There are 2 protein chains.
Amino acid sequence: MHSYTEENYLKAVFNLSAIKGEANVNELSRLLEIKMPTVNSMMKRLAEKGLIVYESYKPVRLTAKGEKAAALIIRKHRLTEMFLVEKMDFGWDEVHDIAEQIEHVQSPDFFAKMDELLGFPKLDPHGSPIPDKNGKMEWTEYHKLNECKPGDTVVFKAVIHSSDDFLKFLNARQLRLGTVIKVKSVESFDGTMTVEYSKRAPEMLSQLVCDRILVAPKKK
Amino acid sequence: MHSYTEENYLKAVFNLSAIKGEANVNELSRLLEIKMPTVNSMMKRLAEKGLIVYESYKPVRLTAKGEKAAALIIRKHRLTEMFLVEKMDFGWDEVHDIAEQIEHVQSPDFFAKMDELLGFPKLDPHGSPIPDKNGKMEWTEYHKLNECKPGDTVVFKAVIHSSDDFLKFLNARQLRLGTVIKVKSVESFDGTMTVEYSKRAPEMLSQLVCDRILVAPKKK
DNA sequence: ATAATAAGTTAGATTGCTCTAACAAAAATA
DNA sequence: TATTTTTGTTAGAGCAATCTAACTTATTAT
Ligand SMILES: [Mn+2]
Ligand SMILES: [Mn+2]
Ligand SMILES: [Mn+2]
Ligand SMILES: [Mn+2]
């Protein structure tokens, strides 16, 4: 199969492609903390293997084969995170680094068992969808807290770019998935929001924070 | 720390040393399925790092440092096997290959949590002792079923060289750890034993099998 | 004791993954 | 449009881990 290293590149291409449908060498280099020439030559290797489409000076795209391979690694990552949170009592801010390693374990049985013990979950602990066994995932379109207007009442559904630090920040403010958030006001100068949730005093959240919180309208 | 590869060599040296206190290149080569020159150069690398004592044409020995490092990897391996059996419903014949991979995960928290969830077990699913956090393990001296005489009644305590095939063989005969075995007779020609256990008809076990079954006298 | 076999070593090559230095193309800016 | 900056590529090197072929030392058998 594919090496540990190749799997990490593949996943990086997948993640960067999520928005634009393609990924460039420079961003991959930054994300993976690997120098551009190294990334460049790996792109040629992945293209050789039919996992991506590579043309000089152009962004790369995943082939169908590459997309499936990447999704299946992400499936293992997210199942692992869910297992760590649900079955091993880890916090959602403690699981990413462990999952980053366990996602490379080669054992269909191991992940099938996790899936079963978890009751075939559709979402990971950060609200991201878990791809199915064929690498397909259904993505519910949430919107950013940023885009909400004063008076809106929404439910916290997912985080994006969930770094451990950001998750600890949310923990410290009792902000979790499922929390109902009422937008009180938005400062037009810097986008800072004043919000209310869980019967606490109003809280102020910077634009940077609101940009990473995905929400859905609260169903009455 | 040490690479995935180095860890596997270290563990191999540890396992081969278990009996004689030293390991030679040839046996390592067969065990790891890696050619002798490769093993030879790795031995020099491990010696360089102070993990083993290497002198030309002599068997290698682990240093105190190497012994501790190896024991800690084996700790992770055996905790993992125990976790897979106790918390994930795997059979004792299904866990080794998965543990072989997970033992390389770098995350003290992950294994500490396993340990805790398991209630700090002393033995793995095959009856082998789990080294403690300092790499120390207490080894109860069992004896082989082979060495028993007709009339002996013993308890099945552990397996040695537990390959999946051997474990499946034991499964098929309902032989598990804790099973009380009565030795009826021993064929002096080939060492085959006739034994009785679990209210079943007498069963015949070849010398090869009896050589891999560790037992203790049944406490009356 | 000598010859044959087994075990261990050296030399040299290969592959995967990484780097730096230098150069080329594309995009942004003046 | 011309210049500068950013992005991407090529060339060349190094290390880890593996191999094969050839050679040496140690052990076993005759
Ligand atoms: Mn993650
Ligand atoms: Mn990873
Ligand atoms: Mn094992
Ligand atoms: Mn291993």
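Worth saying up front: this structure is predicted, and the values here are computed from it rather than measured.
- When all heavy atoms of A/Phe110 and A/Ile102 are compared, the pair lying nearest together is CE2-CG2, 3.9 Å.
- Shown are A/Asp165, A/Leu177, A/Val159, A/Asp93; of these, the side-chain contact (heavy atoms from CB on, under 4.5 Å) with A/Leu170 is made only by A/Val159.
- Here C/dG8 presents its P atom at 11 Å from CE of B/Met43, a figure rounded to the nearest Å.
- Atom pair B/Asn26:CG and D/dT27:C1' shows a separation of 13 Å (rounding to whole Å applied).
- A/Trp92 and A/Asn171 are linked by a side-chain donor-acceptor pair at a separation below 3.5 angstrom, with hydrogens and angles left out of the test.
- Summarising the geometry, the separation between CG on A/Asn24 and P on C/dA25 is reported as 19 Å, rounded to the nearest angstrom.
- Residue contacts for A/Lys44: at a heavy-atom cut-off of 4.0 Å it reaches the sugar-phosphate backbone alone, with no base atom in range.
- One atom, OH of A/Tyr57, and another, C1' of C/dA25, lie 5 Å apart when rounded to the nearest Å.
- Rounded to whole Å, atom C1' of C/dC17 lies 13 Å from atom CG of A/Asn8.
- Judged by distance alone, the side chains of A/His2 and A/Glu7 never bring a donor and an acceptor atom under 3.5 Å apart.
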Subject >> Intermediate values then yes/no, salt bridge (charged side-chain N to carboxylate O under 4.0 Å, His left out), A/Lys11 and A/Glu100 >> reply: CA-CA 11 Å; A/Lys11 215 162 50 105; A/Glu100 201 59 49; 2.8 Å; yes
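- As a whole-Å value, the separation of B/Lys58 NZ from C/dA6 C1' is 19 Å.
- In this structure, CD of A/Glu48 is placed 14 Å from C1' of C/dT15, rounded to the nearest angstrom.
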**OP:** Mark up nucleotides 12-20 of chain D, 5' to 3', with B wherever a protein heavy atom is under 4.0 angstrom from a base atom, S wherever such an atom reaches only the sugar-phosphate, and - elsewhere.
**Re:** ----SSBBB
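- A salt bridge links B/Lys58 with B/Glu55: the closest approach of a Lys/Arg side-chain nitrogen to an acidic carboxylate oxygen falls below 4.0 angstrom.
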